[in-house]
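First up is the structure itself, then whatever we jot down about it.
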Amino acid sequence: MRKLFFPVLALLVLAYALLAQAQRGGGAMTMPPEPGSLPAHKFEKVAEGVYYGTATGSVTVGSNVVVIVNDADVLVVDPGITPAAAMTLIADVKTLTPKPIKYVVDTHYHYDHAFGNQVFGPDVTIIGHDTTWRRLNGPGSLKERTYLTNGTAAIATRFTTLKQQISEAKDPQQRAIFQRQQTIHQQYADEQAKIRPTPPNSTLSRDMTLHRGSREIQIRFFGRAHTDGDIVIFLPKERIVATGDMITSALSYTGDAFVEEWPTTIEGVMSLDFDTVLPGHGNVFKGKDHLRNLQAYWRDFYQQATAFRKQGVPPEEAAKRMDLTKHAKAIEAAKNPGVDVRGVDRIYDLAVNPNAPVR
């Protein structure tokens with residue numbers, strides 16, 4: 001396994017959770033909620049019966065979640081990073097409605113979105129792309145680089161950081177905040193032994209439409225991007241699309257990506273008539289301008305990586321030398337030179353074998 005050069009999804013996933021729990025109000029640190037307490041999600045009402053959930057900080061939940069309350073039941077998008085995360089989601093949804101969760105949609109197979117699947121019983125339909133079923137069918141996803149580096153390795157790194165912060169903290173209140181973060185992180189670490197990757201029990205290769213009372217819910221696959229099974233959830237009446245990690249309000253992890261195809265897949269999403277985007281991480285945003293900015297960024301990413309490959313530059317060196325800062329005005333995460341070497345690795349692998357498996 002090649003050495004990692006750039007902070008990646010592990011830090012991105014943790015950043016959203018930790019920023020939510022520890023840095024509010026202009027960066028001032030505040031005490032996270034009681035570890036394991038409810039609510040673990042705070043919900044923003046986006047439209048009638050449509051809610052966007054982000055972490056309160058009491059539990060590590062991983063991805064953001066979309067909750068769609070229909071006439072007689074509930075559909076949730078991405079149940080979270082662990083069984084505990086999904087159980088808190090079930091409890092938190094009850095604060096919105098007494099209606100039962102009958103549908104779960106996995107936007108893709110990554111652990112921070114889909115490792116909560118196992119808590120749902122046989123009466124719940126779990127929907128995902130065919131490739132998501134293959135990735136989650138069995139323990140293989142626990143052995144892939146994405147989980148090993150962003151999940152297990154990042155857990156140890158976070159413990160090291162927290163222990164150092166606790167030992168170096170001069171202010172008692174600040175030390176107490178770090179200690180509470182450590183307790184929350186320990187609960188997340190303890191959950192790892194309980195994880196049993198669980199695949200969808202209903203799959204699609206292209207499109208699926210649910211009619212739940214008066215609500216139409218379209219589940220669409222436009223092509224490969226962040227993974228080989230990214231799907232979006234489109235509400236045509238509400239003009240809302242939930243995009244998982246194919247489209248986030250920042251930049252997505254590229255270690256399992258098809259960067260060359262990503263802009264074309266986004267173009268397919270843009271063919272939908274929506275004005276509100278609910279991303280897998282980050283914040284709700286409006287319009288299609290950000291999607292166009294992402295298209296330009298990924299095209300540039302691919303072109304630069306490909307040029308370095310043709311010059312014989314090793315992936316590690318190419319990742320350091322790639323410069324996408326011209327996109328920083330539109331995409332803040334591009335403000336510094338350098339990219340995650342795993343995205344460059346992936347482009348190099350696919351150039352040799354277009355069907356290269358994820359590592």
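The basis for the numbers below is simple: all heavy atoms, side chains too, and nothing from hydrogens, waters or symmetry mates. These numbers come from a predicted model, not from an experiment.
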Test side-chain contact (heavy atoms from CB on, under 4.5 Å) applied to D190 - qualifying residues, sequence neighbours left out: Q186
Under the side-chain contact (heavy atoms from CB on, under 4.5 Å) rule, collect the residues that match up with A351, sequence neighbours excluded. R309
Validation row: [X], [Y] side chains within 4.5 angstrom (heavy atoms):
| X | Y | value |
| --- | --- | --- |
| V66 | I68 | yes |
| D300 | M322 | no |
| R220 | R206 | no |
| T146 | V358 | no |
| M208 | V105 | no |
| T88 | L38 | yes |
| V76 | Y103 | no |
| V46 | T276 | yes |

Return yes if a side-chain donor-acceptor contact under 3.5 Å exists between R321 and Q304, otherwise no. no
Say whether Q179 and Q181, considering side chains only, have a donor N or O and an acceptor N or O under 3.5 Å apart. no
Which pairs with one or both residues in [range] pass salt bridge (charged side-chain N to carboxylate O under 4.0 Å, His left out), sequence neighbours excluded?
| range | result |
| --- | --- |
| residues 274-288 | R239-D275 |
| residues 82-110 | K102-D123 |
| residues 247-268 | R224-E261 |
| residues 173-184 | E34-R180 |

Residues forming a ring-ring contact (aromatic ring centres under 6.0 Å, His included) with [X], sequence neighbours excluded:
| X | answer |
| --- | --- |
| F221 | H129 |
| F301 | W298 |
| Y297 | H327 |

R292/D289 ion pair, N-O < 4.0 Å: yes
Charged N to carboxylate O under 4.0 angstrom, K45 versus E48? yes
Got a sec, which residues hit side-chain hydrogen bond (donor to acceptor under 3.5 Å, both in side chains) with E144, two or more places apart in sequence or on another chain? none
Are the side chain of [X] and the backbone of [Y] linked by a donor-acceptor contact shorter than 3.5 Å?
| X | Y | answer |
| --- | --- | --- |
| T97 | V93 | no |
| T203 | D130 | no |
| T183 | P35 | no |
| T248 | G244 | no |
| E191 | A84 | yes |
| T132 | G128 | no |
| T325 | K335 | no |
| T95 | A91 | no |

Is there a continuous path of hydrophobic side-chain contacts, each under 4.5 Å between heavy atoms, that joins I126 to L136? no
If hydrophobic clusters are built from ILVMFWY residues whose side chains come within less than 4.5 Å, do L324 and I331 share one? yes
Looking at every heavy atom in both [X] and [Y], which two are closest together, and how far apart are they?
| X | Y | result |
| --- | --- | --- |
| G282 | S249 | CA-OG, 3.1 Å |
| D340 | A319 | C-CB, 4.4 Å |
| S202 | T125 | CB-CG2, 3.7 Å |
| W262 | A257 | CZ3-CB, 3.7 Å |
| P79 | N117 | CG-OD1, 3.2 Å |
| Y348 | A305 | CE1-O, 3.5 Å |

To the nearest 0.5 Å, what is the distance between [atom1] ([X]) and [atom2] ([Y])?
| X | Y | atom1 | atom2 | result |
| --- | --- | --- | --- | --- |
| L75 | L235 | CG | CG | 9.0 Å |
| Q118 | R196 | CD | CZ | 7.0 Å |
| Q295 | H290 | CD | NE2 | 11.0 Å |
| F178 | E168 | CZ | CD | 9.5 Å |
| M270 | T265 | CE | OG1 | 13.0 Å |
| S252 | H108 | OG | NE2 | 8.0 Å |

Return each pair, listed once, that meets ring pair (Phe, Tyr, Trp, His ring centres under 6.0 Å) where at least one residue sits in residues 138-169; pairs must be two or more places apart or across chains. Y111-Y147, F115-Y147, F159-H185
Mind running side-chain hydrogen bond (donor to acceptor under 3.5 Å, both in side chains) on T227 and R135 for me, showing each step along the way? CA-CA 11 Å; T227 70; R135 302 284 187 214; over 6 Å; no
Keeping to residues at least two apart or across chains, list the side-chain hydrogen bond (donor to acceptor under 3.5 Å, both in side chains) pairs with something in residues 72-82. N70-D73, D73-R212, D78-T107, D78-H113
Which residue, V50, V232, V65, forms the side-chain contact (heavy atoms from CB on, under 4.5 Å) with L278? V50
Test side-chain contact (heavy atoms from CB on, under 4.5 Å) applied to F120 and N201, T198, V104, the passing residue: V104
Take atom CD in E332; do more than 12 heavy atoms of anything else shown fall under 6.0 Å from it? no
Check the pair D71, S214 against side-chain hydrogen bond (donor to acceptor under 3.5 Å, both in side chains), reporting the backbone distance first and the verdict last. CA-CA 7 Å; D71 291 357; S214 60; 3.2 Å; yes
